[in-house]
Colleague: 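This is the structure I have questions about; it appears just below.
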Amino acid sequence: MSLAAGLPPVQAQQGAAVLFQNVRIFDGRSDKLSASSNVLIRDKNIEKISPAAITADATQTAVIDGGGRVLMPGLIDMHWHAMLVRPTPAGAIAGDVGYNNLLAAAEATDPLMRGFTTVRDVGGPSFGLKQAIDEGFVTGPRIYPSGAMITVTSGHGDFRQRSDLPRTIGGMLTRMEQIGGSMVADSPDEVRVRVREQLMQGASQIKLTAGGGVSSPFSPIDAVTFTEPELRAAVEAAENWGTYVVAHAFTPAAIQRAIAAGVKCIEHGFLMDDATAKLIAEKGVWLSLQPLPDELRQGFPEGSVERAKADEVWPGIGGAYEFAKKYKLKTAWGTDVLFSRALAQRQGAILASLVRWYTPAEALAMATGMNGELLALSGKRNPYPGKLGVVEEGALADLLLVDGNPIDNINLIEDPAKNFLVIMKDGKIHKNLIAGKPN
């Protein structure tokens, strides 16, 4: 049944297993769909994929007839801020913590219903939200949390006012630090402490801001923030726990220093030059890019410091993607939506905009299989052990049944309410517009 036909959704009777029949598979890697196949899900995993009929226990299996539609992996957003979509900038820092958590819980359902079954949260106090989702109290995507962004005095992520200065090392934490939004660290020893605090709370990776940023009022874009010993302290502490550091960096100097210190993933990199792109390739570092929509830039008031910095950064987005293609960089995809529920609702459209540089299949592979590979760098700190972003036997069962072929028409993902007929996460059906039937 189709929502487009005006009929109500039908929830399948879900038993111990789910069997998708007659589906063509986009596996998260290939540029072609499979022949008609059948896929058996048991508990949280894909148990069997076969072109031949799969026999399953009729009393314990919900059967979904795909009707030749496309079954693909759940989408993954590698640059998400789960706590920062709905509040205002002032509310995120100065607002009531309980209210902000309720806002985040209300927002959490939306990405999942857009087909984003996993997000990597790269800054914000999302540990409680993740726990509530994992325990089933809140419906939402898997969250790979970084915890608080770690920054330096006047670095990107330092949202204090000048009236908060001077800072007393070891003194009382400021409001932004108390709520776990970002932490200031101005020496290798402080960096180690702040990294270990995030790991203690359950961080799957660590986020540092190695250079200036757009939204921070006292952080010039060209500034290189952490020293190499400070960055190395973070990398060492993270690697001691078997995981990695991701660094916000726009400029060649910031990117190169982060790589020299052992950072495994660069976020943004929009102002890189050819030599820096080549270095990223040589070192095998990941580049996590975002095709930021112009509406995000326009959200900063004209005449503001933030708008001026956005105007400086935005022209580099296309060049960064060209470098990524030129050097075949390991490229991840994300959105980086902040303080705009309306823009967050365009999550699928932001992904579809990658066709400026990539084929639809390449773009979808980036948001599924490639992103899943980057998530695996968390090693034993991975909160969801198992393969994500692929449709293969043994992988975690995060799946979308699409009414149409997104490889031919990637714009289908812009309207998930209509075109995603089934949304499954962790083997559980969260949406089903197709009637189930006994096997």
Colleague: Okay, side chain of H268, backbone of A249: is any donor-acceptor separation there less than 3.5 Å?
Modeller: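 No, H268 side chain to A249 backbone: no donor-acceptor pair under 3.5 Å.
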
Colleague: Is there a donor-acceptor pair under 3.5 Å between the side chain of E295 and the backbone N or O of L343?
Modeller: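 A pair under 3.5 Å: no.
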
Colleague: Could you measure the distance from the CZ atom of R175 to the CG atom of D164? Nearest 0.5 Å is fine.
Modeller: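 R175 atom CZ to D164 atom CG measures 12.5 Å (nearest 0.5 Å).
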
Colleague: Check the pair I206 / Y244 against side-chain contact (heavy atoms from CB on, under 4.5 Å), numbers first and verdict last.
Modeller: CA-CA 6 Å; I206 296 297; Y244 68 102; over 6 Å; no

Colleague: Within the 4.5 Å heavy-atom criterion, are V195 and W241 side-chain neighbours or not?
Modeller: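 Not in contact.
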
Colleague: Taking the six-membered ring for Trp, are F270 and F250 parallel (under 30°), tilted (30 to 60°) or perpendicular (over 60°)?
Modeller: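 Plane angle under 30°, so parallel.
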
Colleague: Tell me, with the steps shown, if R160 and D158 meet salt bridge (Lys or Arg N to Asp or Glu O under 4.0 Å).
Modeller: CA-CA 6 Å; R160 297 173 299 167; D158 185 353; 2.8 Å; yes

Colleague: Cation-pi check for Y144 against R120: NZ or CZ below 6.0 Å from the six-membered ring centre and within 45 degrees of the axis, yes or no?
Modeller: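 Ring-cation test returns no.
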
Colleague: Closer than 4.0 angstrom, basic N to acidic O: yes or no for K330 and E373?
Modeller: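 E373 and K330: not salt-bridged.
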
Colleague: Show, in sequence, the C-alpha distance, side-chain angles and deciding distance for S288 and H79, and conclude whether the side-chain hydrogen bond (donor to acceptor under 3.5 Å, both in side chains) test is met.
Modeller: CA-CA 8 Å; S288 177; H79 196 115; 4.8 Å; no

Colleague: Might you work through the salt bridge (Lys or Arg N to Asp or Glu O under 4.0 Å) test for R167 and E190, ending with a clear yes or no?
Modeller: CA-CA 13 Å; R167 173 178 180 241; E190 274 199 296; 2.4 Å; yes

Colleague: For the pair E306 and K309, find out whether any cationic side-chain nitrogen is under 4.0 Å from an anionic carboxylate oxygen.
Modeller: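 So E306 does not pair with K309 through a salt bridge.
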
Colleague: Hey, which of D336, V214, T335 is the one that makes side chain to side chain contact (heavy atoms under 4.5 Å, CB included) with L292?
Modeller: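 Of the listed residues D336, V214, T335, the side chain to side chain contact (heavy atoms under 4.5 Å, CB included) partner of L292 is D336.
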
Colleague: Indicate yes or no for a side-chain donor-acceptor contact from T225 to the backbone of G155 under 3.5 Å, with no hydrogens or angles considered.
Modeller: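 No, T225 side chain to G155 backbone: no donor-acceptor pair under 3.5 Å.
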
Colleague: For a 4.5 angstrom cut-off between non-hydrogen side-chain atoms, does F300 reach V305?
Modeller: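 Not touching, per the 4.5 Å side-chain cut-off.
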
Colleague: Do side-chain atoms of T251 reach the backbone of A254 as a donor and acceptor pair under 3.5 angstrom?
Modeller: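 At least one qualifying donor-acceptor pair exists.
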
Colleague: Donor-acceptor check, side chain of T368 to backbone of P73, threshold 3.5 angstrom: yes or no?
Modeller: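 Checked: no pair found.
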
Colleague: Is there a side-chain contact between P145 and S204, using heavy atoms and a 4.5 Å cut-off?
Modeller: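 A side-chain contact exists here, since the closest heavy-atom pair is under 4.5 Å.
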
Colleague: Atom CD of residue position E282 - does it have more than 12 heavy atoms of other residues, nucleotides or ligands inside 6.0 Å?
Modeller: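 For E282, atom CD is crowded (more than 12 foreign heavy atoms under 6.0 Å).
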
Colleague: Is the NZ or CZ atom of K431 both under 6.0 Å from the centre of the six-membered ring of F420 and within 45° of that ring's axis?
Modeller: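 So K431 doesn't make the cation-pi contact.
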
Colleague: Out of N419, N405, D403, which one pairs with R69 under the side-chain hydrogen bond (donor to acceptor under 3.5 Å, both in side chains) rule?
Modeller: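 Exactly one candidate clears the test, D403.
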
Colleague: Would E135 and Q131 count as a side-chain hydrogen bond (donor to acceptor under 3.5 Å, both in side chains) here? Give the steps.
Modeller: CA-CA 6 Å; E135 293 179 359; Q131 181 179 354; 3.1 Å; yes

Colleague: Should D415 and K418 be marked as a salt bridge (Lys or Arg N to Asp or Glu O under 4.0 Å) after you check the CA-CA gap, both sets of side-chain angles, and the distance that decides it?
Modeller: CA-CA 6 Å; D415 191 354; K418 176 183 177 182; 5.3 Å; no

Colleague: Looking at K48, I want to see if its NZ is surrounded by more than 12 non-hydrogen atoms of other residues, nucleotides or ligands under 6.0 Å.
Modeller: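 No, not enclosed.
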
Colleague: Should T109 and T139 be marked as a side-chain hydrogen bond (donor to acceptor under 3.5 Å, both in side chains) after you check the CA-CA gap, both sets of side-chain angles, and the distance that decides it?
Modeller: CA-CA 5 Å; T109 303; T139 300; 4.9 Å; no

Colleague: Within the distance-only criterion (no hydrogens, no angle test), does the side chain of E312 pair as donor or acceptor with the backbone N or O of A308 below 3.5 angstrom?
Modeller: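 Checked: no pair found.
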
Colleague: Any carboxylate oxygen within less than 4.0 angstrom of a Lys/Arg side-chain nitrogen, looking at R86 and D110?
Modeller: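 Answer for the salt bridge query: yes.
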
Colleague: Do NZ/NE/NH1/NH2 and the carboxylate oxygens of R142 and D398 come within less than 4.0 Å?
Modeller: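 Result for this pair is yes, salt bridge flagged.
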
Colleague: Determine whether a donor-acceptor pair (N or O, by modelled atom type, separation under 3.5 Å) exists between the side chain of H248 and the backbone of G269.
Modeller: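 Judged by distance alone, no pair lies under 3.5 Å.
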
Colleague: Indicate yes or no: does E239 engage K264 in a salt bridge with an N to O separation below 4.0 Å.
Modeller: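 Yes.
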
Colleague: Hey, does the side chain of K283 reach the backbone of I259 with a donor-acceptor pair shorter than 3.5 angstrom?
Modeller: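 Checked: no pair found.
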
Colleague: Step by step, would you call D121 with S146 a side-chain hydrogen bond (donor to acceptor under 3.5 Å, both in side chains)?
Modeller: CA-CA 6 Å; D121 190 294; S146 302; 5.7 Å; no

Colleague: For the atom pair CG (L173) and CD (Q178), what is the distance rounded to the nearest 0.5 Å?
Modeller: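 Those atoms lie 6.0 Å apart.
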
Colleague: With a 4.5 Å limit on heavy-atom distance, are the side chains of D134 and Y384 in contact?
Modeller: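 Heavy-atom side-chain distance check passes, below 4.5 Å.
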
Colleague: Can a salt bridge be assigned to the pair R29 and D27 using a cut-off of 4.0 Å between side-chain N and carboxylate O?
Modeller: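 Answer for the salt bridge query: no.
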
Colleague: Are E236 and R232 within salt-bridge range, i.e. N to O under 4.0 Å?
Modeller: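 Salt bridge between E236 and R232, a charged N being under 4.0 Å from a carboxylate O: no.
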
Colleague: Charged N to carboxylate O under 4.0 angstrom, K326 versus D274?
Modeller: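 D274 and K326: salt-bridged.
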
